[in-house]
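Whatever order the structure lists them in is the order used to number ligands and atoms, beginning at 1.
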Amino acid sequence: MADLYLDGAWVGAAAGGRRTIVCPADGTVVGEVDEADETDTLRAIDAARRAADDGRWRDVPPTERAAALGRVADLLERDTDEIARAEALDTGKRFEEAKLDVADVVSVFRFYAGKGEDVERPRDVDPGQPHVRSRVLKEPIGVCSLITPWNYPLLQASWKVAPCLLAGNTFVLKPSEITPHSTILMVRAIEEAAVPGGVANLVLGTGPGCAGPMSTDERVDLVSFTGSLAVGKHLMKQAADTVKRVALELGGKNPNIVFADAPREAAIDNAMTAVFLHSGQVCSAGARLLVEESCAEEVVDTIVERARAIRMGPPFDEDAQTGSLTSAEHLKKVEDYVATGLAEGARLRCGGARPDDERLASGYYYLPTVLDRCSVEMHVVQEESFGPVLTVETFRTEDEAISLANATRYGLAGAVWTGDPERARRVARALRLGTVWVNDYHPYVAPAEWGGHKQSGIGRELGELGLEEYQETKHVWENTEPAPTGWFS
Ligand code: NAD
């Protein structure tokens with residue numbers, strides 16, 4: 001009964017709210033957690049503000065803050081199985097997959113733990129005057145609101161928490177209300193790593209129920225959000241009144257472009273993982289296949305055949321290749337999305353329904369689905385399903401492929417498959433995307449920035465810029481021989 005971490009103590013919700021967490025793979029109860037309301041969030045903000053103002057973390061040398069991140073990484077690695085189990089039960093993803101996610105999270109903490117020397121980067125500039133020392137400094141922003149989604153709960157939190165702490169900020173973190181358990185374990189690791197109380201604060205609950213002050217309270221300096229476009233826009237408007245910094249990692253409708261000269265087997269195999277990994281609940285999922293007309297039939301037929309053979313199952317089923325969707329609401333959204341596509345004239349090649357398998361009947365499963373004969377103006381091509389749904393469009397020329405790929409409001413990620421390196425470079429340059437893979441799909445590394453063009457977001461996570469998101473810039477002008485200016489004398 002103490003799942004909120006406020007001002008260095010584990011406490012229950014002030015109003016006694018509780019939420020039952022259900023495993024989406026079979027509907028069983030995973031546990032109950034405290035559910036905050038705005039009173040709890042205001043306490044969290046109050047604690048984070050005091051901790052930011054008294055310098056208990058800001059004034060710790062950056063190399064020591066980095067060392068604390070290293071300890072967090074070690075603790076998360078030590079507890080990999082426990083954390084992966086929590087994540088798998090909350091999300092419905094396979095346990096083995098969740099373990100890979102934890103390894104990724106550890107690498108994110110280690111990456112920033114290795115950056116202690118790079119945090120302040122004071123820069124002397126030439127003031128053009130003798131007797132003046134002019135320095136530009138990087139400082140923590142202050143109090144950060146961190147709001148994360150349910151698809152990769154811990155990974156998305158780590159992309160924010162690690163640089164936020166390294167930069168010397170304090171924070172209030174709110175994970176998705178339906179997948180809180182791995183984030184609770186991460187905050188426990190932060191506590192065990194001896195980060196001072198009040199620096200890291202955790203509230204659990206819904207956005208409307210408890211997150212309001214995270215984007216409106218004037219004691220908060222930055223809102224960093226990963227989630228849907230609709231909520232991102234809402235938060236940006238909310239944050240405008242007090243001119244907070246805003247960092248947004250939003251949705252994607254990511255094109256995966258396959259030219260006829262591509263390494264065919266690799267392109268087909270990766271087109272499958274691009275869209276069906278984690279049942280398509282990946283912001284960078286390659287959910288839009290753009291395939292050159294001359295090879296479209298062969299490519300799509302093979303994908304359909306293989307999609308039909310994907311084995312679904314609960315987290316600890318060793319035969320399963322993918323899991324369930326993460327909530328009943330989300331399953332309904334995916335069903336509606338496919339129905340819209342069919343009404344718009346797309347052709348259903350496989351899937352399009354829940355599996356007809358007794359073993360899976362109590363979970364929120366949806367069959368890997370391929371819709372072909374899609375065209376760019378369709379809702380299913382323009383909007384994210386965030387489910388295991390591949391839409392297929394064809395093209396004839398390179399220019400057509402580029403213009404189709406760029407024709408949505410999103411710009412998160414995508415890929416180009418071709419055997420022609422010159423073409424790969426041309427297309428990669430022309431795509432308005434934050435990440436472009438050439439003859440690959442999905443890999444990312446902590447030193448390389450991640451983020452969206454267009455309405456996929458603002459700002460960057462990971463890499464150097466992922467740290468700068470959490471820093472303010474200050475110019476200090478120091479006159480070593482002060483003298484009257486004489487201007488008004
Ligand atoms: P969501 O926007 O519904 O929720 C995200 C978070 O915002 C949750 O913690 C939720 O409780 C909170 N929230 C909801 N309403 C709120 C409000 N009014 N005020 C404050 N907080 C509120 O998104 P989701 O369904 O959890 O996640 C799926 C979305 O996230 C997809 O669109 C996906 O593309 C996106 N996503 C993007 C990235 C990326 O790196 N760009 C990564 C993962 C997920």
Side-chain angles (χ1 to χ4, degrees), residues 19 24 35-38 41 90-91 93 101 104 108 145-160 172-180 183 202-217 220 223-239 244 246-254 275 277-287 325-334 337 383-387 408-414 433-435 442 444 448-462 466 469:
R19 171 178 288 264
E35 173 121 317
D37 65 15
E38 291 193 357
T41 307
D90 278 5
T91 61
K93 76 172 66 168
D101 293 349
D104 271 4
V108 170
S145 288
L146 311 178
I147 302 177
T148 54
W150 47 256
N151 61 333
Y152 287 90
L154 197 59
L155 190 64
Q156 299 302 335
S158 73
W159 290 14
K160 300 185 191 306
V172 177
L173 168 63
K174 193 202 84 61
S176 166
E177 61 275 18
I178 60 174
T179 55
T183 307
L202 174 69
V203 293
L204 307 176
T206 66
C210 76
M214 294 178 76
S215 57
T216 56
D217 194 301
V220 173
V223 182
S224 176
F225 168 78
T226 302
S228 61
L229 178 56
V231 175
K233 284 183 187 175
H234 167 73
L235 291 178
M236 200 170 170
K237 287 179 191 153
Q238 296 278 103
K244 299 187 195 316
V246 176
L248 302 174
E249 292 288 339
L250 307 176
K253 185 70 191 185
N254 311 291
V275 62
L277 188 78
H278 192 19
S279 295
Q281 301 169 116
V282 183
C283 53
S284 51
L325 296 176
T326 296
S327 69
E329 294 72 30
H330 188 49
L331 170 61
K332 174 80 174 71
K333 266 194 214 162
V334 174
Y337 173 93
E383 296 306 326
E384 199 182 29
S385 78
F386 219 55
T408 74
R409 60 183 165 165
Y410 294 108
L412 187 58
L433 303 172
T435 296
H442 275 322
Y444 80 93
E449 279 77 5
W450 178 268
H453 292 199
K454 300 195 279 182
Q455 294 186 34
S456 283
I458 295 177
R460 287 294 177 273
E461 298 201 295
L462 300 177
E469 289 285 347

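Of all the heavy atoms of Thr226, the ones lying under 4.0 Å from any atom of ligand 1 are found in both the backbone and the side chain. In Leu235, the part holding a heavy atom less than 4.0 Å from any atom of ligand 1 is the side chain. At a heavy-atom distance under 4.0 Å, no atom of Met214 approaches ligand 1. Contacts between Asn151 and ligand 1, counted as non-hydrogen atom pairs separated by less than 4.0 Å, involve the side chain only. Residue-level proximity to ligand 1 for Phe386 is carried by the side chain, the only part with a heavy atom below 4.0 angstrom. Contacts between Ala211 and ligand 1 below 4.0 angstrom, taking non-hydrogen atoms only, involve the side chain exclusively. Contacts between Gln156 and ligand 1 below 4.0 angstrom, taking non-hydrogen atoms only, involve the side chain exclusively. Neither the backbone nor the side chain of His330 has any atom closer than 4.0 Å to an atom of ligand 1 (non-hydrogen atoms only).
A donor-acceptor distance shorter than 3.5 angstrom exists from the side chain of Ser456 to the backbone of Gly411, with no hydrogens or angles considered. Although no hydrogens or angles enter the test, the distance criterion places a donor-acceptor pair under 3.5 Å between the side chain of Ser176 and the main chain of Ile178. Proximity of a side-chain donor or acceptor of Lys93 to a complementary backbone N or O of Asn151 within less than 3.5 Å is detected.
The structure places CZ of Phe225 at 6.5 Å from CG of Leu250, a figure rounded to the nearest 0.5 Å. Atom NZ of Lys253 sits about 8.5 Å away from atom OG1 of Thr408, to the nearest 0.5 Å. With rounding to the nearest 0.5 Å, the separation of CG in Leu202 from OG1 in Thr183 is 7.0 Å. If you take CG on Leu248 and OG on Ser224, they are separated by 8.0 Å, rounding to the nearest 0.5 Å.
The option from Ser145, Gly207, Gly434 that lies nearest to atom 16 (C) of ligand 1, judged by heavy atoms, is Gly207. Among Gly227, Pro208, Pro153, the residue whose heavy atom lies closest to atom 30 (O) of ligand 1 is Gly227. When the options Gly232, Cys283, Ser176 are ranked by their closest heavy atom to atom 39 (C) of ligand 1, first place goes to Cys283.
Between Phe225 and ligand 1 there is a heavy-atom distance shorter than 4.0 Å. Using a 4.0 angstrom heavy-atom cutoff, Pro175 counts as in contact with ligand 1. Using 4.0 Å as the threshold, Gly457 has no heavy atom nearer than that to any atom of ligand 1.
Taking Asp217 as the reference, Arg219 meet the salt bridge (charged side-chain N to carboxylate O under 4.0 Å, His left out) condition, with sequence neighbours excluded.
Of the polar atoms of Trp159, none of the N or O atoms is found under 3.5 Å from an N or O of ligand 1, judged by distance alone. Considering backbone and side-chain N/O of Ser456, none are found under 3.5 Å from N/O of ligand 1.
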**Request:** List the steps and the verdict of side chain to side chain donor-acceptor pair (under 3.5 Å) for Lys174 and Thr41.
**Result:** CA-CA 9 Å; Lys174 193 202 84 61; Thr41 307; over 6 Å; no

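Partner of Lys160 under the side-chain hydrogen bond (donor to acceptor under 3.5 Å, both in side chains) criterion, chosen from Glu249, Glu461, Glu469: Glu461.
Atom 4 (O) of ligand 1 is not flagged as protein-proximal [any protein heavy atom, distance under 4.0 Å].
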